[in-house]
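Here the structure is laid out as structure tokens; the discussion comes afterwards.
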Amino acid sequence: MPQLQYDPHEIEPRWQELWARERTWQVANDPPAGAEASPLGARADAGADGRSSYVLEMLPYPSGEPHIGHLKVYSVGDAIAHFQRRLGRRVLHPMGYDSFGLPAENHAIKTGVHPRESTTQSIASFQHQFHSWGISIDWSRELATHEPEYYRWTQWIFLELLRAGLAYRKQAAVKWCPKDQTVLANEQVDAEGRCERCGALVEVRQLEQWFFRITDYAERLLGDLDAIDWPEYVKTMQRNWIGRSEGAEVTFRCEELGIDYPVFTTRPDTLFGATFFVMAPEHPDVVRLVEGTAREAEVRAYVNHAIAESGEERGSAERPKSGVALGRTVTNPVNGEQIPMYVADYVLMEYGTGAIMAVPAHDERDYAFARALHLPIRRVIEGTDPDQAQDDDGLPYSGDGPLVDSRPDFDGMPNRQALAAIVAWLDREGKGHASVSYRLRDWLVSRQRYWGTPIPVVHCERCGIVPVPEDELPVRLPDIDDYLPKGRSPLATAEEWVHTTCPACAGRARRETDTMDTFVDSSWYFLRYCDAHNERAAWSREALAQWMPVDQYIGGVEHAILHLMYARFFTKALADMGRLDFQEPFSALFTQGMVTKDGAKMSKSRGNVVSATSIVQRLGADTARCYILFIGPPDQDADWSDEGVEGVHRFLARLWRLAAETAGRGEPEPHAAPAGTAHAPSRQPAHAPAGTGDENDLALLRKAHWAIDKVSGDLRRFAFNTAIAAVMELLNECSRLRASVQLQTLRFALATAASLLFPFAPHVCADMYERLEGERVWEQPWPHADPALLERDTYELVCQVNGRLRDRVQAAADASPQELKELCLAASNVRAHIDGKQIVKEVVVPGKLVNLVVR
RNA sequence: GCGGCGGUGGCGGAACGGUAGACGCGAGGCCCUCAAAAGGCCUUGUCCAACAGGGCGUGUGGGUUCGAAUCCCACCCGCCGCACCA
């Protein structure tokens, strides 16, 4: 017999072509009831419940070609999709490209190719790779966010939000990236105040921009986190980002000028300890308060200096406090005290009202400021922080305790109780009320960049901002050559495009020249897949009803806040507008870890990039996919090893070779059971005839059923690494027993291995299964472990003395505790350890062990 | 500082409170071969011991338990997120 050689380069294209030709992974909407829309559709197999399942990986930014990270997400997603299909579900598993926006445009600028062209190239490269990886995609629903057929509906959603009052324009201090020459959303600026995309230090500019009113949804975005099956840490990140604080808004009045200044505080119980009042440098009233006074010059200088500083310089808690007096006072509403006003850069304009009451005795920052400027400090809550040194005055104190030095009716009251009482009093007096504040800001969506969805409004000299009528959508992105960012939108140079007429009055008007943030495009794409070719609407409710919400969403942690929060906001807003019937887009989320090399993130500058393409070319897609899942738990970071991937390749080669040899030892049997019902339970008798009584056959059969059980459980908990290890064990057992079992037992075991490994290595498994069984493995139901074969007649009983392993003996599965104890006592090594000692306790765990406690 | 996750052989990693180290990599030995590649077989936590067997072992120190990598307390280290948010 010639040596059979595993050749992925022959096997993989063959199956890929078949799947493409037959459109195997395509699913239609709305299958006719009772008809055979899917070979597995309505069968009563184990696990088949006829439900549909929407498995979705985050869509890629098509720049360059896919890397190892893409290989990982889509390997994870494809394993889940295949498993769901074989459990009998109709699975929607589509693909698209996030081809508009900064990532694609920056790539284009770097390579000097027009974004339209470079995007098209990248998409072609991604398509080609996904095909050669054998990912089971329904290509009939493919989309790209830069196509007019798609962004037409992005524009429609923008207009819907505008109509609902959720899209608006305002002048604001916004984050500006000097390198990308555009404004950024708060979410796109990292902790050091750098641009999330290019790393440049971000500046603050006063500009008029478009916003989405995501803050209206803060409470629901927070509350509904409880209802979704997401990793806890992602929920925590979203909760932190929303940053809900409960407290009160309290009005402090500047009597001289007759102006009320509300402040937000989480500690109204400390109001009596307020000894001064501080405003943010950006507060519009700061300069007005000192105009024409002796303080004006000093205040102006301070404000100018503070505003010029970057967020990075200003943002540190360790930095010494600075500020200057405004020479004015406000009235503390609870006691009528006149307290001095200051301007200081530790107060942020973006949070609360941009002004605070300062209680140095009970707030660290106010305390530091008071010490720096020698301001009075008044303790109004008694208590000691256990961590604080004995010799200081115990201030600032932020713990609980009774009120002191406040007002007779509150003094002595526990502070939490006093808090409620004081808020109630303020409310009655009209000087304040309970209030909730959020850290979340409205989403700034306009960008002064070329490669994005045009914002579909015109600016009319007479009518102001006018939405483009729906039937004129899409507002097409004009082709322009000079798209480099230069501070104002490149679209402004397309004169012919910009000049238009007003849809309302037919007068002269100019088109909006800003484009939308990329994250707008990706905030609804999962809806479009459900009804990808609808030309009359973004989607139909019937189509959504079949698939949404997404059952399993898969993607990287880097989108824990941005994309995932925006998509949730869109879903809720569209549901409120009556366009959707659900509140959350992604019922379950799985976040996969990064693939590193030599412990470091792969990057071109480090020179440690492993090319997914070359691995697939060299060893095949099955090896690459299996290895990336075998390397470790998929939600954790994993380090790529060139030796490790070879090991997985050897495993697949051994498996395939043994399967091919075994298949060559005889024709596939004529099927005892009709195709399609040929799954483990019904097929078993044919493969394991009763009465063979052969120990090795039984052992191999048991191992196969053990593997079925193990892989099924592991797949449900995304433990792909141990699932693959289980199939390796099954193969090892096959190899060990190959010469000493009946052909049909070996064939069954190998077919089972192929069946179980199929979600991870589809090509080689399809090939093996066809050789062994003459059937298409993906049309077979997921195998079912026979409980009778998972149980054993005898097992290895662990014998412990004082909790230490001393011996192992064979015990009958149905042995009584008494019998087990006797077995253990009879074990020779146990006797050596209990000899001459007194047994004070016996612990018998049937099926496991006996522990004898001796003295 | 706050929150989350983690710390197990030479390495990646397995282990419902019940045989620690599955599976793989690497390493060593052997078989096949004229030779090599490929493939196959065996060994591989550590120390004592020829073997049998035993001691020690899951970041550190305590605790609970017949029994702890696993549960509890305190701490150390690493990674991630948040952080002058009133």
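Sequence lines set the chain letters: A, B, ... in the order given, protein chains first and strands last, and positions in each chain run from 1. Since we're looking at a predicted model, the values are computed, not measured.
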- Query: Are the aromatic ring centres of Tyr627(A) and Trp640(A) under 6.0 angstrom apart?
  - Reply: yes

- Query: Using atom C1' of each nucleotide, how far apart are G26(B) and G9(B) to the nearest Å?
  - Reply: 12 Å

- Message: Classify Arg855(A) by what it touches in the nucleic acid, base, sugar-phosphate, or nothing, heavy-atom distance under 4.0 Å.
- Response: nothing

- Note on the structure: In Watson-Crick or G-U wobble terms, with both distances under 3.5 Å, the base opposite C66(B) is G18(B)

- Query: Glu661(A) has an atom CD; how far is it from atom P of G40(B), in whole Å?
  - Reply: 11 Å

- His833(A) near the nucleic acid: base, sugar-phosphate alone, or nothing, with a heavy-atom cut-off under 4.0 Å? sugar-phosphate

- Message: Need one value for Val798(A): base, sugar-phosphate or nothing, where a base atom within 4.0 Å counts as base even if backbone is also close, heavy atoms only.
- Response: base

- Query: What nucleic acid atoms does Asp366(A) come within less than 4.0 Å of, heavy atoms only: base, sugar-phosphate, or nothing?
  - Reply: nothing

- Item | U44(B): pairing nucleotide in any strand, Watson-Crick or G-U under 3.5 angstrom | G26(B)

- Query: Counting any heavy atom closer than 4.0 Å, what does Glu796(A) reach on the DNA or RNA strands: base, sugar-phosphate only, or nothing?
  - Reply: base

- Task: Classify the nucleic acid contact of Arg239(A) as base, sugar-phosphate or nothing, counting any heavy atom under 4.0 Å across all strands shown.
- Result: nothing

- Query: How do Val648(A) and Ser735(A) order along RNA chain B: which one's closest nucleotide is nearer the 5' end?
  - Reply: Val648(A)

- Any side-chain donor-acceptor pair under 3.5 Å between Ser322(A) and Tyr302(A)? yes

- Query: Whole Å only: how far is the CE atom of Met349(A) from the C1' atom of C84(B)?
  - Reply: 16 Å

- Query: For residues Gln238(A) and Arg568(A), is any side-chain donor paired with an opposing acceptor at under 3.5 Å?
  - Reply: yes

- Message: Could you check, using the six-membered ring where one of them is a Trp, whether Phe276(A) and Phe369(A) have ring centers closer than 6.0 angstrom?
- Response: yes

- Paired nucleotide for G1(B) [Watson-Crick or G-U wobble; both distances under 3.5 Å]: C82(B)

- Query: Base, sugar-phosphate, or nothing for Arg717(A), non-hydrogen atoms under 4.0 angstrom?
  - Reply: sugar-phosphate

- Does C34(B) pair with anything, Watson-Crick or G-U wobble, both distances under 3.5 Å, and if so, with which nucleotide? none

- Query: What is the distance from atom CG of Leu271(A) to atom OG1 of Thr265(A), rounded to the nearest 0.5 Å?
  - Reply: 6.5 Å

- Item | Minimum-distance nucleotide (side-chain atoms of Ala725(A) versus C82(B), G39(B), C23(B)) | C23(B)

- Task: Hey, which sits more toward the 5' end of RNA chain B by its nearest nucleotide, Met728(A) or Glu232(A)?
- Result: Glu232(A)

- Message: Using only modelled atom types and a 3.5 angstrom limit, is any donor from either the side chain of Asn851(A) or the base of C66(B) paired with an acceptor on the other?
- Response: yes

- Using the C1' atoms only, state how far U19(B) lies from G45(B), rounded to an integer number of Å. 16 Å

- For Glu364(A), which contact category applies under a 4.0 Å heavy-atom criterion: base, sugar-phosphate, or nothing? nothing

- Query: Whole-Å distance between G4(B) P and Tyr233(A) OH?
  - Reply: 15 Å

- On a whole-Å scale, what distance lies between the P atoms belonging to A22(B) and G12(B)? 15 Å

- Give Gly352(A) one of three labels, base, sugar-phosphate or nothing, depending on what nucleic acid heavy atoms sit under 4.0 Å from its own. nothing

- Query: Can you say whether the rings of Phe277(A) and Tyr261(A) are parallel (under 30°), tilted (30 to 60°) or perpendicular (over 60°)?
  - Reply: tilted

- Mind calculating the distance between CZ (Arg439(A)) and P (C2(B)) to the nearest angstrom? 18 Å

